[in-house]
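The structure appears below as structure tokens.
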Amino acid sequence: MTFNEGGSFEGGRVRKGGRGKGPAIAGGGIAAVLVAVVVALLNGGDLGSVLGAVGEQVQSTSAEDTGQQQFVEECTVEQANSERECRLSATAQSLDAYWAEALPAQVGVAYVVPDVVSFPGSTQTACGAATSAVGPFYCPPDQTVYIDVSFFDELRDRFGSSGGSLAEEYVVAHEFGHHIEQLSGAMSSADRSGTGPESDSVRIELMADCLAGMWAGNAATTIDPDRGVPFLQEITPEELKDALSAASAVGDDRIQQSATGSVNPEAWTHGSSEQRQRWFMTGYDGGTFQDCNALEASTL
């Protein structure tokens, strides 16, 4: 997905490094990217336990840094189209602009801008210590999206996604979807302790995919208030295929088959590849928040 020419994107939206706020309760993430973590999650482990276990290994190297915080600086459009941290910052700004209008209009809830942290290797969060092994995730207690942008290489090289800019933006939009769930009350109303094809754990992930699709379907008409032009150009068929490839790559069935050689739906926490693609397209093809509310869906 290509950002429109004209002006530049302001800095300060994405914090670099990863200074968190101490241990608490884990939130949802798009996937676990190392096979050991994947297997743990797909066999009933919750993200909090995984983060805690990983945290024991990184406490000595990820203690809170009390120095001056660093942020992704102002980026040109060319940088946003070619450099991952600039793309992350510009994508977050696009998501902010879209949800600042869509959330109050469709849900009657004010949008609160989430923090976004780009961290290399390990970080401290309000959900506990984490490393790149858990992949991008959203932490409800501190309302922050955490991303190590090297995950996008894992998504392509380890999990077989075709890559591409919209695939990366889909990952970011999915995590923002969890923030929208948090603000709307959907996150707190879900019982995310269970697993299985009809579980709330799966429903909350498919809902985030759908909310990501809502943003993508409207990104080419969402105006950047600072530049006065739409954030992004129209999505091409090839870019859409890249996003769907990323959604498929992190399907429970595909990850289980790759990690263990078999598929066990009763251990699902995120939904199948087909479901993740279909729910993304529900949002992309003009879906509303209510259309995306998988918690109330009779079938998934």
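What you see is a predicted model; the values in this text were computed from it and never measured.
Distance alone, capped at 3.5 Å, places no donor-acceptor pair between the Arg13 side chain and the Ser89 backbone. A donor-acceptor pair under 3.5 Å is absent between the side-chain atoms of Thr260 and the main chain of Gln257, judged by distance alone. Although no hydrogens or angles enter the test, the distance criterion places a donor-acceptor pair under 3.5 Å between the side chain of Gln106 and the main chain of Phe289. The backbone N or O of Asn4 sits less than 3.5 Å from a side-chain atom of Arg227, completing a donor-acceptor pair. Using modelled atom types, one side-chain atom of Arg276 and one backbone atom of Val250 make a donor-acceptor pair closer than 3.5 Å. Within the 3.5 Å criterion, the main-chain N or O of Pro230 finds no donor-acceptor partner in the side chain of Asp224. Of the possible polar contacts, none joining the Ser258 side chain to the Ile255 backbone as a donor-acceptor pair under 3.5 Å is found. Checking side-chain atoms of Ser118 against main-chain N and O of Lys16 turns up no donor-acceptor pair under 3.5 Å. In this structure, Asn293 contributes its side chain and Gln290 its backbone to no donor-acceptor pair below 3.5 Å.
The nearest pair of heavy atoms linking Ala249 to Leu155 is CB-CD1, 4.2 Å. Closest heavy-atom contact between Pro197 and Val202: O-CG1, 3.9 Å. Scanning all heavy atoms of the two residues, the minimum distance from Thr144 to Val117 falls at CG2-CG2, 3.8 Å. The heavy-atom pair separating Tyr146 from Ala126 by the smallest distance is OH-N, 4.3 Å. Asp253 and Ser272 get closest at one heavy-atom pair: OD1-CA, 3.5 Å. Looking at every heavy atom in both residues, Arg192 comes nearest to Ser201 through O-OG, 3.0 Å.
Contact of the Tyr170 side chain with the Phe280 side chain is registered, since non-hydrogen atoms from C-beta on lie closer than 4.5 Å. Residues Cys75 and Glu83 are not in side-chain contact: their nearest non-hydrogen atoms beyond the backbone lie 4.5 Å or more apart. Between Pro141 and Cys127, the closest side-chain pair of non-hydrogen atoms falls below 4.5 Å. At least one side-chain heavy atom of Met214 sits under 4.5 Å from a side-chain heavy atom of Cys292. A 4.5 Å side-chain heavy-atom check between His174 and Asp209 finds at least one atom pair inside the cut-off. Inter-residue side-chain proximity for Pro114 and Asp96 is flagged as met; some heavy-atom pair is nearer than 4.5 Å. In this structure, the side chains of Leu183 and Trp99 stay at 4.5 Å or more apart for every pair of heavy atoms.
Side-chain contact of Trp268 with Gln256: a donor-acceptor pair under 3.5 Å is present, judged by distance alone. When only modelled atom types and interatomic distance are considered, Glu181 and His178 share a side-chain donor-acceptor pair under 3.5 Å. One side chain, Ser8 or Glu74, offers a donor N or O that lies under 3.5 Å from an acceptor on the other. Residues His270 and Gln275 have side chains that never bring a donor and an acceptor to within less than 3.5 angstrom of each other. Side-chain atoms of Gln277 and Ser273 include no donor-acceptor pair closer than 3.5 Å.
To the nearest 0.5 Å, atoms CD1 (Ile204) and OG1 (Thr269) are separated by 12.5 Å. With values rounded to the nearest 0.5 angstrom, Ser161 atom OG is found 10.0 Å from Leu244 atom CG. A distance of 5.0 Å separates OG of Ser184 from CE of Met207, quoted to the nearest 0.5 Å. Separation of atoms CD1 (Ile235) and CD (Glu169) is listed at 8.0 Å; rounding is to 0.5 Å. Here the OH atom belonging to Tyr111 is positioned 5.0 Å from the NE2 atom belonging to His179, to the nearest 0.5 angstrom. Separation of atoms CD (Glu266) and OG1 (Thr195) is listed at 7.0 Å; rounding is to 0.5 Å.
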Go through the steps for Phe9 and Phe3 under the test ring pair (Phe, Tyr, Trp, His ring centres under 6.0 Å), then give the verdict. CA-CA 10 Å; Phe9 297 99; Phe3 288 96; 5.2 Å; yes

Test log, rule side chain to side chain donor-acceptor pair (under 3.5 Å), inputs Asp242 and Ser245: CA-CA 5 Å; Asp242 287 339; Ser245 174; 5.9 Å; no

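Both Val116 and Val113 are part of a single hydrophobic cluster, where members link through side-chain heavy atoms under 4.5 Å apart. Linking ILVMFWY side-chain heavy atoms closer than 4.5 Å, directly or via other members, places Leu232 and Ile223 in two distinct hydrophobic clusters. The hydrophobic clustering, which links ILVMFWY residues whose side-chain heavy atoms are closer than 4.5 Å, places Phe71 and Leu88 apart. A continuous path of Ile, Leu, Val, Met, Phe, Trp and Tyr side chains, each step under 4.5 Å between heavy atoms, connects Leu295 with Tyr138, placing both in one hydrophobic cluster. Val109 and Ile180 fall within a single hydrophobic cluster, where Ile, Leu, Val, Met, Phe, Trp and Tyr side chains are chained together by heavy-atom contacts under 4.5 Å.
For CD of Glu85, the number of neighbouring non-hydrogen atoms (other residues, nucleotides, ligands) closer than 6.0 Å is greater than 12. Heavy-atom contacts from other residues, nucleotides or ligands closer than 6.0 Å to CD of Glu78 number 12 or fewer.
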